[in-house]
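Input: a single structure, listed below in structure tokens.
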Amino acid sequence: MRKILIIVFFLSTLIGCDTTNNERIELRKKEFVFEFGLSYSYNKEDYIKADKEILEKTKVMINGIDLDEPRKDLNTTIEGWLELYPVKEYKGIATYKDQTLEFIVKIEDTTPPEFNNFQEEVEIKHGSDDHIENMFQASDYSEVKIIINIAGDEFDIQATDFANMEVGEYDIIVIAVDSYNNRIKKQSRIIVK
């Protein structure tokens, strides 16, 4: 009986002293996806699971940038972050002692542009120099192109010359497309008088 108690005590002491599991870091997931211009994380606890003391000693780098190092040279406005992390896939590395974990950070653009100047009805004098480019504008974190759809045919807004079209009313669809082919559409009417 005494031998069993000694063995149980010895084993419980070994288990209680094993800190290797507590000194491990673990990825929260293998791949992190962020929307371009909206939500990035520069907090290593968002990527790594570990005790607080271990997390403080863990080095986390994304695209070669250490998340702990203050960057005085970095423009920390949204434009600065967009410049630092454009749409693509980045390699992340977390290192603690002899343990190194790799993960992926993807920056995606799935958000369509927003119209910030849109006219539901536009009047143009026939034969005038009126152009409709300024009547339909959209914004996005990437470059935006405005396209006009007339009866199923699409034209770049700069190439559309409504002033030289026949007098009449034209129902059109105005499409704003960003660099990553995200689109928003709205209907408008052009009246050529």
Side-chain angles (χ1 to χ4, degrees), residues 1-118 137-146 175-186:
M1 176 76 162
R2 187 172 186 203
K3 286 183 185 178
I4 295 174
L5 285 174
I6 291 172
I7 292 171
V8 169
F9 177 76
F10 182 72
L11 287 174
S12 66
T13 304
L14 283 177
I15 293 170
C17 291
D18 181 19
T19 58
T20 55
N21 279 345
N22 293 341
E23 289 197 9
R24 306 291 292 166
I25 58 174
E26 188 180 328
L27 290 175
R28 293 199 178 274
K29 20 183 193 176
K30 190 75 175 151
E31 183 176 283
F32 300 86
V33 180
F34 298 104
E35 182 66 25
F36 183 58
L38 298 182
S39 61
Y40 303 136
S41 176
Y42 302 98
N43 299 316
K44 55 186 171 181
E45 57 268 11
D46 291 336
Y47 301 98
I48 304 299
K49 283 192 249 182
D51 291 337
K52 186 176 181 179
E53 297 86 30
I54 300 205
L55 194 59
E56 287 174 6
K57 296 174 186 172
T58 301
K59 184 174 191 150
V60 179
M61 297 185 75
I62 298 173
N63 197 33
I65 296 172
D66 188 338
L67 296 187
D68 282 334
E69 288 185 22
R71 302 274 315 254
K72 292 183 176 139
D73 62 326
L74 184 63
N75 177 358
T76 55
T77 64
I78 190 68
E79 291 80 15
W81 294 120
L82 295 176
E83 214 172 279
L84 184 62
Y85 292 111
V87 173
K88 70 179 200 177
E89 197 171 283
Y90 299 93
K91 181 179 179 182
I93 299 173
T95 308
Y96 175 72
K97 291 187 177 180
D98 64 341
Q99 187 182 8
T100 299
L101 303 175
E102 293 185 2
F103 57 95
I104 301 294
V105 174
K106 281 185 177 179
I107 308 297
E108 297 180 341
D109 185 348
T110 61
T111 305
E114 292 182 10
F115 283 112
N116 46 7
N117 184 19
F118 189 90
Q137 295 174 352
S139 59
D140 190 76
Y141 288 117
S142 66
E143 190 175 318
V144 178
K145 181 178 178 180
I146 303 291
I175 307 162
V177 183
D178 71 12
S179 300
Y180 302 99
N181 209 27
N182 299 304
R183 297 170 167 245
I184 186 170
K185 301 176 182 183
K186 273 183 120 176

- [ ] Find the distance between CD (Glu89) and CD (Glu31) and round it off to the nearest 0.5 Å.
- [x] 6.5 Å

- [ ] Measure from the side-chain N and O atoms of Ser142 to the backbone N and O of Ser179, and report whether any donor-acceptor pair falls under 3.5 Å.
- [x] yes

Open item on the list: If I compare all heavy atoms of Val144 with all of Ala176, which pair ends up nearest, and what's the gap?
Closed with: CG1-CB, 4.1 Å

Open item on the list: Between Asp46 and Arg28, does any NZ, NE, NH1 or NH2 come within less than 4.0 Å of an OD or OE carboxylate oxygen?
Closed with: no

- [ ] Could you pull out the closest heavy-atom pair between Lys57 and Tyr96, with the gap in Å?
- [x] CB-CE1, 3.8 Å

Task: Gap separating the CD1 atom of Ile62 from the CG atom of Leu67, nearest 0.5 angstrom - done: 4.5 Å

Open item on the list: I'd like to know if the side chain of Asn63 reaches the main chain of Ile65, judged simply by a donor and an acceptor atom lying under 3.5 Å from each other, with no hydrogens or angles considered.
Closed with: no

- [ ] Please report the C-alpha distance between Val105 and Phe34 in whole Å, then the side-chain angles of each, then the deciding distance to 0.1 Å, and finally whether the side chain to side chain contact (heavy atoms under 4.5 Å, CB included) criterion is met.
- [x] CA-CA 8 Å; Val105 174; Phe34 298 104; 3.8 Å; yes

- [ ] Compare every heavy atom of Thr95 with every heavy atom of Ile93, then report the nearest pair and how far apart it is.
- [x] CG2-OG1, 3.7 Å

TODO: Any chance you could lay out the side chain to side chain contact (heavy atoms under 4.5 Å, CB included) test for Lys88 and Ile107, step after step, and finish with the verdict?
DONE: CA-CA 5 Å; Lys88 70 179 200 177; Ile107 308 297; over 6 Å; no

Open item on the list: Please give me the minimum heavy-atom distance between Leu55 and Glu45, naming the atom from each residue.
Closed with: CD2-CB, 3.3 Å

Task: Distance in Å, Leu101 CG paired with Lys30 NZ, rounded so as to fall on 0.5 Å steps - done: 7.5 Å

Task: Nearest atoms (heavy-atom pairs only) where Ile25 meets Thr58 - done: CG2-OG1, 3.5 Å

TODO: Would you please name every residue forming a ring pair (Phe, Tyr, Trp, His ring centres under 6.0 Å) with Tyr47, sequence neighbours left out?
DONE: Phe32, Phe103

- [ ] Drop me the distance from Asn181's CG to Asp109's CG, to the nearest 0.5 angstrom.
- [x] 10.5 Å

TODO: Step through the shown structure and confirm whether more than 12 heavy atoms of other residues, nucleotides or ligands are within 6.0 Å of CD on Glu114.
DONE: no

- [ ] Any chance you could measure Ile54, atom CD1, to Glu23, atom CD, to the nearest 0.5 Å?
- [x] 4.5 Å

TODO: I would like to know whether Asp68 and Lys59 meet side chain to side chain contact (heavy atoms under 4.5 Å, CB included); could you show each step before the answer?
DONE: CA-CA 8 Å; Asp68 282 334; Lys59 184 174 191 150; 5.9 Å; no

Open item on the list: Using 0.5 Å steps for rounding, measure from the CG atom of Asn182 to the OG1 atom of Thr110.
Closed with: 6.5 Å

- [ ] Can you see which heavy atom on Leu27 is nearest to which on Lys49, and at what distance?
- [x] O-CE, 4.0 Å

